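Note on naming: letters A, B, ... go to the chains in the order of the sequence lines (proteins, then strands), and numbering restarts at 1 for each one. Predicted model only: the values in this text are computed from it and were never measured.
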Amino acid sequence: MLDIKLIREKTEFVRQRLATRGAGDETKIDELLKLDEQRRKALAEVESLKSLRNRLSKEIGALMGQKKLAEAEAKKAETKNLGDQIAALDKQASESESARDTLMLQLPNLPHESVAIGKTAEDNPEIRVHGTKTSCDFTPKTHVELCESLKLVDFQRATKLSGSGFLLYTNWGARLERALIQFLLDLHVTQHEYTEVSPPFMVGEQCMVGVGQFPKFKDQYYGVAEGGDANNLGKLYLVPTAETPVANIHREELLKETDLPIRYCAYTPCFRGEAGAAGVGTRGMIRVHQFDKVELIKIVKPEHGYDELEKMVANAEKVLQLLGLHYRVILLCTGDMGFGSAKTYDIEVWAPGQGSYLEVSSCSNCEDFQARRMNLRFKSETGENKFPHILNGSGTALARLFVALIETHQQADGSLHIPEPLQPYLKASRITA
RNA sequence: GGAGAGAUGGCUGAGUGGUUUAAGGCACACGCCUGGAAAGCGUGCGUAGCUAAUCCCUACCGGGGGUUCGAAUCCCCCUCUCUCCGCCA
């Protein structure tokens, strides 16, 4: 959520920054300010009436204390109609306020000044590249072919269980998936100063609002119903990312400045409806309804937000470096960024079988946008209550990492070489048919 | 699922209709004291809106509604927490 004061005081600046996203959000500003003005006007009136009522009520109390009952009754009569006026104005003020807040929740974050202005993924500048595309003297198989020949994933039977877009890992595939999760958590916890947490895989609506998934993108997620009772559908949602539960851990709290920075690392499966997305329903692991991910979350003082973002990207890159994968880091342009983000880096890993790069990490600084939505603050040393910056980054998403890994390390004989850092986790250096 | 208890500021904890403009304590900040510290003493200290303002004023005691001139306090609904019982991995 944006700061309403910023919108009031620097209206043109906000309008221009919103316009860089190219989604037309800047057109909502006039309506927003109108509602804000209505609210403030009603509030000023109702507050002076309340002030009057409070004064009279006190006088009535004093009169009754002195047993001057007749005078008290007279004053009561005088005060009586104030109540209706107050109720009417209160209603006006709260209606304006809730209309204003509904609009506020729909407005995306302002892009940081360092973000390139652009419309689509075509406009995303490449920041750096690590390694080179693998050149092998045979035609690389796709991950689907490898999964079938090495029996890592049973696509067919997964469909029988849950429909398209779900994976059934089998034997070495299941072991590899588990090894990767363990490897990622250990890396971030022991080498990168994150505290491991294991959150619920279902969250309440408030969490979805807190990080910005609701109300705007409600159709993207899975709601669950307990038992056969359709009435409680929507009380809980399957997490689309660990960001949702973990970023909300300190929701509604007032932290001490010395509590910061907070750095969390969590594994969860991620559930996504992928409504309208290309590639759902086709075979393979690139876009599925459920995948595993290890997520990094930071809650930091505003002045450290962008340093911490750079470190977070480096933490995610380390994963790919250790696994011997070629990747590039790109900066998302204003038009391609997520709703709550002020600045986002994507990491794309090379998948030789696909002949393309796959997004395996997205690291964002949401600044105070999410903290405002969840009313998470910290008390500074000077006694001020401030909103911290909240950052999230994948470290990394697994199904696609799995794809890049097996496509990159496949051998001419059809077997799979396991990179050295992963071997202790898999307890194998090679997978063969 | 059944029964009971509860939800008050950063924490704790009083408060059953009118100096509660939320007591007291802890924590925190500053000062006194001290060779220095602890203890002790003094002062300050909730959140948000409004505002040039740390002045006023208004709101906020889990959330929503009601009664009243006036509600933390009385009534109704909801949510959550705890204890016990049942069921259960």
task: Ignoring backbone atoms, test whether A/K379 places a side-chain nitrogen or oxygen under 4.0 Å from the OP1 or OP2 oxygen of B/rU47.
output: yes
- request: Using a 4.0 Å heavy-atom cut-off across all strands, classify A/K75 as base, sugar-phosphate, or nothing.
  value: nothing
Rounded P spacing from B/rA27 to B/rC82 in Å: 28 Å
field: B/rC60 and B/rG1, which share atom name C1', separated by this distance in whole Å
entry: 37 Å
- line: A/N375 atom CG is separated from B/rG10 atom C1', nearest whole Å, by 14 Å
message: My understanding is that only one of A/K298, A/H250, A/E196 makes a side-chain hydrogen bond (donor to acceptor under 3.5 Å, both in side chains) with A/Y264; could you say which?
response: A/H250
- prompt: How far does the C1' atom of B/rU20 sit from the matching atom of B/rA5, given to the nearest Å?
  reply: 26 Å
field: Same-atom distance (C1') from B/rC32 to B/rA23, integer angstrom
entry: 27 Å
- request: Using whole Å, report how far CD of A/E78 lies from C1' of B/rG70.
  value: 15 Å
Sorted by number, the residues of residues 28-44 of chain A with heavy-atom contact under 4.0 Å to RNA chain B: A/R39, A/R40, A/L43
query: Whom does B/rU51 pair with, Watson-Crick or G-U wobble, provided both distances fall under 3.5 Å?
result: none
- prompt: Under 4.0 Å between a side-chain N or O of A/R53 and OP1 or OP2 of B/rA71?
  reply: no
- request: Select base, sugar-phosphate, or nothing to describe what A/R8 touches, counting heavy atoms under 4.0 Å on all strands.
  value: sugar-phosphate
Side chain of A/S57 - closest among B/rA59, B/rU47, B/rC69: B/rC69
Paired nucleotide for B/rU83 [Watson-Crick or G-U wobble; both distances under 3.5 Å]: B/rA3
A/F402 ring center within less than 6.0 Å of A/F291 ring center: no
task: Can you tell me, in whole Å, how much space there is between the C1' of B/rC11 and that of B/rG46?
output: 12 Å
message: Measure CD/A/E384 against C1'/B/rA48 and give the value in whole Å, please.
response: 15 Å
message: B/rU58, OP1 or OP2 - any side-chain N/O from A/S51 closer than 4.0 Å?
response: yes
statement: pair_partner(B/rC61), Watson-Crick or wobble, both distances < 3.5 Å, evaluates to none
query: Distance between the P atoms of B/rU21 and B/rC76, in whole angstroms?
result: 26 Å
field: Residue-phosphate contact under 4.0 Å: A/R377 side-chain N/O, B/rA48 OP1/OP2
entry: yes
- prompt: Does the distance from a Lys or Arg side-chain N to an Asp or Glu carboxylate O, for A/R263 and A/E308, drop under 4.0 Å?
  reply: yes
- prompt: Between A/N54 and B/rU58, is there a side-chain N or O to OP1/OP2 distance below 4.0 Å?
  reply: yes
- request: Please figure out whether A/A77 or A/G61 has its closest RNA chain B nucleotide nearer the 5' end.
  value: A/G61
A/I86 CD1 - B/rA59 C1' separation (whole Å): 12 Å
- prompt: Any side-chain heavy-atom pair from A/D346 and A/N124 closer than 4.5 angstrom?
  reply: no
field: Nucleotide B/rU67, atom C1' - distance to NZ of A/K76 in whole Å
entry: 13 Å
message: Using a 3.5 Å distance criterion without hydrogens, assess whether the side chain of A/E145 forms a donor-acceptor pair with backbone atoms of A/T142.
response: yes
statement: A/K5 has its side chain closest, among B/rC50, B/rC69, B/rA48, to B/rC50
task: Determine the interplanar angle of the A/H192 and A/Y194 rings, folded into 0 to 90°, and report it as parallel if under 30°, tilted if 30 to 60°, perpendicular if over 60°.
output: perpendicular
field: Nearest-Å distance for atom pair CZ/P, residues A/F378 and B/rU47
entry: 14 Å
Complementary nucleotide for B/rC28 - Watson-Crick or wobble, under 3.5 Å: B/rG44
d(CZ, A/F387; P, B/rU47) in whole Å: 13 Å
task: Return the nucleotide paired to B/rG35: Watson-Crick means purine N1 to pyrimidine N3 with N6-O4 or O6-N4, wobble means G-U with N1-O2 and O6-N3, both under 3.5 Å.
output: none
- prompt: Relative to the ring of A/Y222, is the ring of A/F271 parallel (under 30°), tilted (30 to 60°) or perpendicular (over 60°)?
  reply: perpendicular
- request: Using the P atom as the reference point in each nucleotide, state the distance between B/rA71 and B/rA22 in Å, no decimals.
  value: 15 Å
- line: By nearest-nucleotide position on RNA chain B, the 5'-leaning member of A/L254 and A/T79 is A/L254
query: Taking the same atom, P, in B/rG42 and in B/rU51, what whole-Å distance lies between them?
result: 40 Å
- request: Provide the Watson-Crick or G-U wobble partner of B/rC74, both distances under 3.5 Å; none if there is no partner.
  value: B/rG66
query: Atom CE of A/M285 and atom SG of A/C147: how far apart are they, to the nearest 0.5 Å?
result: 5.0 Å
message: Determine whether a donor-acceptor pair (N or O, by modelled atom type, separation under 3.5 Å) exists between the side chain of A/Q290 and the backbone of A/F166.
response: no
query: NE2 of A/H389 to OG of A/S364: how many Å apart, nearest 0.5 Å?
result: 13.0 Å
task: Measure distances between side-chain N and O atoms of A/E253 and base N and O atoms of B/rG10, and say whether any donor-acceptor pair falls under 3.5 Å.
output: no
message: Distance check needed: B/rG49 C1' versus A/D90 CG, whole Å only.
response: 13 Å
- request: With a 3.5 angstrom cut-off on both distances, give the Watson-Crick or G-U wobble partner of B/rC88, or none if there isn't one.
  value: none
